[in-house]
Each structure stands twice: as C-alpha cells, then as structure tokens.
Amino acid sequence: MSFLQLQNLTKCFGDTTAVSTLSLDVAQGEFVSLLGPSGCGKTTTLQMIAGFEAPSEGRVVVNGRDITDTPANRRGIGIVFQSYALFPHMTVFQNVSFGLEMRGTARAEREGRVGEVLELVHLGAFARRYPRELSGGQQQRVALARALVINPELLLLDEPLSALDAKIREDMQIELRAIQRTVGTTTILVTHDQAEAMALSDRIAVMNQGRLVQVDVPYRTYEFPESVFVSGFLGKANLLPGEVVGEDGDELEVRVAPDRVFAAPGPAPGQRVQLSLRPEKLVLVNAGEGRLPGTVRARIFLGHHWVYQVDTPLGQWLVSRQNTGEEGVPEGATVGVDWQTREVRVLGAETVHG
Amino acid sequence: MASPRTPYWLSAPAVALFVAVFLMPLLMTALLSFYSFDFYQGIQPGFSLENYLEVLRDDYFHEIFLRTYGISLAVTLICVVIGTPEAYILNRMRNPWKSLFLLVVIGPLLISVVVRTLGWALLFGREGPINQLLTGVGLVERPLRLMFSTGGVVIALVHVLVPFMVLSVWAALQKLDPATERAGLSLGASEFTVLRRIVLPQIMPGVLSGSLIVFALTASAFATPSILGGRRLKVVATTVYDEYLNTLNWPLGAAIAVVLLIANALVIVSYNRFIERRYAQVFG
C-alpha cells in the first residue's frame with residue numbers, strides 16, 4: 001500500500017477552485033515533485049498535506065492513518081519553507097532543537113541528536129550562530145536540519161531552493177538529493193522549476209489549473225509528454241497544429257499546412273492533433289536537404305550547446321545543437337531542418353489524471 | 001553649480017526655528033532655575049542652587065516625583081498588556097475589518113487630549129455613568145472615587161496612549177515572517193507556545209520601543225493629570241504649572257522642569273542602551 005495517499009483532494013476559495021479532485025499515491029521513501037506554474041494549486045496542495053489548509057473535499061492518508069482532520073501541530077510532518085522561516089531570535093542549535101523540545105526529549109539526548117543532524121547538513125561548526133549571520137545556503141540547510149531532526153514520516157519542501165543563487169542552487173540540489181537518500185524520508189517537493197524537479201525527484205507530478213496532468217518518472221515525463229502543456233512546461237518544444245489525414249500501420253500522416261504532410265508515430269489521440277518536436281531532436285543539414293527549408297535568424301552560444309532560431313515556412317523554430325568544438329552555422333545561412341519520424345510526439349487535448 | 005555649503009544654507013531656516021522656539025526657551029528655563037525668588041521682591045537674578053536643593057530635599061516633591069513615575073510605570077505596563085494582543089489580533093484580521101479597526105484604534109489620536117479627558121471626567125463623576133452602573137448592579141455599596149484618584153488618571157492615560165503602543169507593535173509585526181508561526185506548529189508547538197516562544201520574542205523590540213514612548217509621554221503628561229487629578233493629585237508637570245501660575249515662583253518651577261527633563265532623559269537613554277545591547281546580535 002502506498003505510504004502517502006491523496007484522495008480526491010479539492011480546495012475551493014469562494015468561487016475559485018484552487019485544487020480539483022487531486023489523487024496521488026506516493027511510496028515510502030519516494031521523492032515526488034509537484035511541478036507547475038504559479039497559481040496551479042501546488043502550494044495549496046502542500047498546505048493541505050501540512051495541515052495549514054483544510055481540504056474542501058478529499059482525504060490525506062499517511063501510513064494508513066487518515067490525518068485529514070489532524071491539526072498541523074500533531075501531524076509530525078517536517079516542512080522546509082520557501083523563506084526558510086528560521087526563528088531569528090534563536091541560535092542554529094535552538095532552532096534545530098525546538099522540535100525535539102516540543103516532543104519532550106531530554107536535554108542530553110537533544111544535544112546529541114541536534115549535533116548529528118547538523119553534521120548531516122555540514123553545519124556542525126555553526127550551532128551557536130544566529131540565522132542572520134549565515135549565508136542563504138547555510139540558512140537553507142538549517143531549515144532542512146530543523147525539519148529532519150524530528151524524524152518526520154514525511155518531508156515537505158516548499159520551493160526550498162528558489163531564493164538561492166544559480167550556482168549554490170545546483171550544489172544544494174545534489175546535496176538535498178543525497179541527504180534524502182541517506183535518511184530515506186518520503187518527500188514531496190513543490191516547485192515551478194522544471195530543472196529542479198527533474199534533478200531531484202523519483203517522479204514528477206505536473207499540475208495545471210488545479211489538476212494533475214501527468215505523473216511519471218522525469219525521463220518519461222520529458223520524453224513522452226501527454227499534453228501540449230507538459231511538453232511546453234518541461235523543456236522547450238516546437239509545436240505544429242495539424243490534422244490526421246492518414247494512418248499506415250503505426251505511422252500517421254499529419255497535415256500541418258495545405259502543402260505539407262509529416263509522418264509521426266501513432267496512435268492518434270484524435271483527429272486534430274499537435275506535433276511536438278524538441279529542439280535537441282532536430283538537426284541542421286545543408287540547404288535543399290531535410291524535411292523543411294529554413295534560414296538561421298539568430299544563434300546563442302551556451303557552452304555545451306548552441307541554440308538556433310530558424311525561420312521556416314511553418315514559423316520560427318528552435319533548434320539546439322551540441323557544441324562539438326567547431327564554429328557553428330553562421331547567422332543568415334540557408335539550411336535544411338531534419339528529424340527522425342520516431343522523435344515526433346503527437347499530442348491531443350489536455351489529459352487529466354485521477 | 002551648488003556649492004558644498006548649499007545644504008547647510010538650505011537647512012538654516014529650520015535650524016533658526018528650532019533654536020528660536022525650542023533651544024532658547026529651554027536655555028532660558030535652565031537659567032531661570034538658578035535665580036531666586038522672594039515673596040515681596042519677586043524674581044532675583046543670580047546664581048544659586050537653592051531651588052534644586054529644595055526639590056531634592058523636600059518630601060513634598062519626592063512624593064510628586066514618585067507618584068509621577070509610579071503612574072508612568074503602571075500606564076506603561078497596562079499599555080503593554082492591552083496594546084500587544086490588540087496589535088496582534090488586528091494584524092491577523094482580514095480587510096476590510098483590518099483597516100476599519102486600525103482606524104478605530106488610532107481614532108482617539110484625532111481628538112484633542114483635553115476633549116477626551118473631559119469625557120472621562122463625565123464618566124468618572126460621583127453620579128457619573130460608571131458609578132451609577134456599579135452601584136446599580138450592586139458591585140459596590142458607595143460610589144467609587146474615580147475623580148482625583150490615581151486609578152482614574154491611569155485609566156484615562158492608558159486610553160490616550162495605548163494607540164502608540166499598538167502602532168509600535170504593529171510595525172514590529174510587519175517584519176514578522178508568518179511562516180515562522182507555521183514552522184513552529186509543524187514542529188509540534190501548541191498555538192500558545194508559538195505565541196510565547198516564537199511571536200513574542202520577535203516583536204519584543206516593538207513592545208520595548210512602544211513602552212519607551214508611552215513611559216516618556218506619561219511622565220511628562222499635563223492635560224490628563226491636570227483635569228482628572230487637579231490640585232489634589234499632583235504630578236510633576238502640573239506642579240510646574242502651579243509654581244509658575246499660582247505661587248508665581250518661576251525659578252522653582254523651572255528647577256522642577258529641569259529635574260524632570262534630566263530624569264526622563266536618563267530613563268530613556270539607559271533603556272535604549274539596554275534594548276540595543278539585548279537585540280543587536282539577533283536582529284541587527
């Protein structure tokens with residue numbers, strides 16, 4: 001049985017529905033991200049799991065216990081807040097020790113346990129400092145230590161890395177993942193950053209407009225998006241609206257312009273479809289070759305790859321090309337764009353889970 | 001091009017005003033306090049410390065100073081006890097109630113202290129509504145003496161000064177991250193423990209600076225003690241007034257005023273230092 005079960009969670013604020021019939025099962029020790037744009041209901045979902053918002057409908061079950069009506073301070077869930085929410089008037093030690101104190105842990109045991117957790121987040125030497133004397137990354141670790149010290153059944157992370165610099169954020173991602181693996185706590189991460197979700201999670205639950213739209217492992221969510229929304233939210237995609245005009249075994253014929261028909265792998269979700277082509281699946285070939293002619297309008301060098309903006313008869317496309325060490329195709333060059341039929345994704349309207 | 005001196009010239013009018021209406025009178029009061037006074041010959045210029053010695057030696061003045069600071073302490077404590085929860089509750093309200101009640105709290109500041117105090121005088125009378133209610137319900141047998149009593153002055157001063165406390169705590173609450181309260185709850189603290197261990201320590205600087213404002217304003221309050229306390233319940237400010245206008249002993253009045261000023265300044269400076277030392281490390 002799943003460790004955490006969200007059953008038909010719904011939250012309405014007046015006339016607006018923030019979260020609608022959301023169901024999600026999370027296994028013990030699993031790291032799941034709720035990913036979506038702001039206002040998609042991911043934070044409200046987290047608040048309902050934490051007990052800060054009461055669901056309008058639905059249940060929250062942890063380890064077989066229904067905690068829907070349990071007050072937040074009796075749930076025993078560890079939370080890392082977006083602002084870290086460290087107690088500014090307490091030292092690092094006092095911050096981390098607070099949760100144990102509330103549980104009535106004896107002083108000697110408390111000291112040992114706090115020391116252990118601070119070592120885990122590499123802050124052993126900072127116990128006597130006040131939060132404002134620490135850097136953002138260090139404050140973030142204190143927040144993590146404070147949440148973990150109570151041995152929570154469940155760890156909730158609310159955009160924990162969004163306030164950090166890009167460089168520190170990457171380091172913290174790796175560290176956060178390592179710590180979560182070490183302690184093995186079932187973890188829910190809320191984020192709007194698709195790279196963060198992909199880097200950290202075992203599974204990604206993509207949300208849009210209060211609903212779950214796709215739940216899968218990062219690789220599959222990225223490679224096989226089930227909707228236009230997911231394909232656009234995780235990574236970039238060139239989208240072509242079209243109509244299925246023929247079917248040949250596994251292969252579809254999709255008309256994307258009066259004079260252009262592309263092949264795509266089936267089955268078709270309907271008559272009207274969208275073809276999605278990831279920039280890194282496209283290749284630039286010599287003019288006159290490939291499936292589509294184009295002109296390089298602009299290019300950006302990003303170190304490990306180039307991004308080309310290519311004007312084609314079907315609009316402006318993004319093509320990404322790995323940096324192989326050679327000077328890339330210059331701006332203004334006439335090129336052809338090509339791809340493999342199996343790299344094309346055929347998407348229908350939004351699919352809703354649960 | 002503006003010369004580097006321009007800012008000084010531009011601030012000259014304000015400086016002149018400040019010197020004319022604040023520093024000069026203060027200096028003249030200080031000088032006056034060293035003059036002597038004779039019943040038949042009036043004020044005698046000179047330099048003597050006899051006024052100060054009188055203030056410092058006479059039990060009559062000791063009592064007045066003790067009463068003044070006793071009232072200040074009581075008013076400050078009551079303002080803390082009333083104003084802090086008031087600000088917290090106000091801060092937790094949602095609009096439009098929040099704005100409405102903030103206006104209600106600050107509203108009294110829009111009315112003259114004299115008018116408000118006269119209102120209290122009406123309520124406090126022997127036959128006033130408060131006594132009628134208390135005797136009517138049977139809580140007291142004889143009407144309470146609220147006019148010309150320390151209790152009455154304290155109640156009215158609390159009413160006058162509690163908005164300052166609310167505003168000061170309110171300002172501190174704006175800096176409080178509401179997520180810290182949630183963090184406390186998530187770690188298993190009760191609502192009360194969150195208030196005591198997490199909210200209160202964070203707004204303490206606001207409570208302390210509010211106390212300072214209330215204390216200083218009470219110690220130098222004139223209108224309220226003069227209307228509700230009159231001659232029978234003198235505080236320092238009303239004593240100074242009486243020396244000037246009834247006894248006509250201006251030098252003695254000036255000396256009392258200077259002693260009050262110095263005492264207040266001492267209290268404020270040492271209290272401020274205490275706050276700074278206590279909170280510098282934590283809140284920076």
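Computed from a prediction, not measured in an experiment: that's the story for all the values here.
- The part of Gln47(A) that comes within reach of chain B is its side chain, from C-beta onward, which places non-hydrogen atoms under 4.5 angstrom from that chain.
- When each of Ile198(B), Val194(B), Thr193(B) is scored by its heavy-atom pairs under 4.5 Å with chain A, the top score falls to Ile198(B).
- Residues of residues 169-184 of chain B placed with any heavy atom under 4.5 Å of a heavy atom in chain A are listed by number as Asp177(B), Ala179(B), Thr180(B), Arg182(B), Ala183(B), Gly184(B).
- Residues of residues 72-106 of chain B placed with any heavy atom under 4.5 Å of a heavy atom in chain A are absent; none qualify.
- Annotation for Phe13(A): atom CZ counts as buried by contact number, over 12 foreign heavy atoms lying within 6.0 Å.
- His89(A) places no side-chain N or O within donor-acceptor distance of the main-chain N or O of Ile203(B), the cut-off being under 3.5 Å.
- When the side-chain contact (heavy atoms from CB on, under 4.5 Å) test is applied to Pro163(B), the partners found at least two apart in sequence or on another chain are Leu109(B).
- Only the backbone of Ile77(A) comes within less than 4.5 Å of a heavy atom of chain B; no side-chain atom from C-beta onward does.
- Of residues 99-127 of chain A, those residues lying under 4.5 Å from chain B by any heavy-atom pair are Gly99(A), Glu101(A), Met102(A), Arg103(A).
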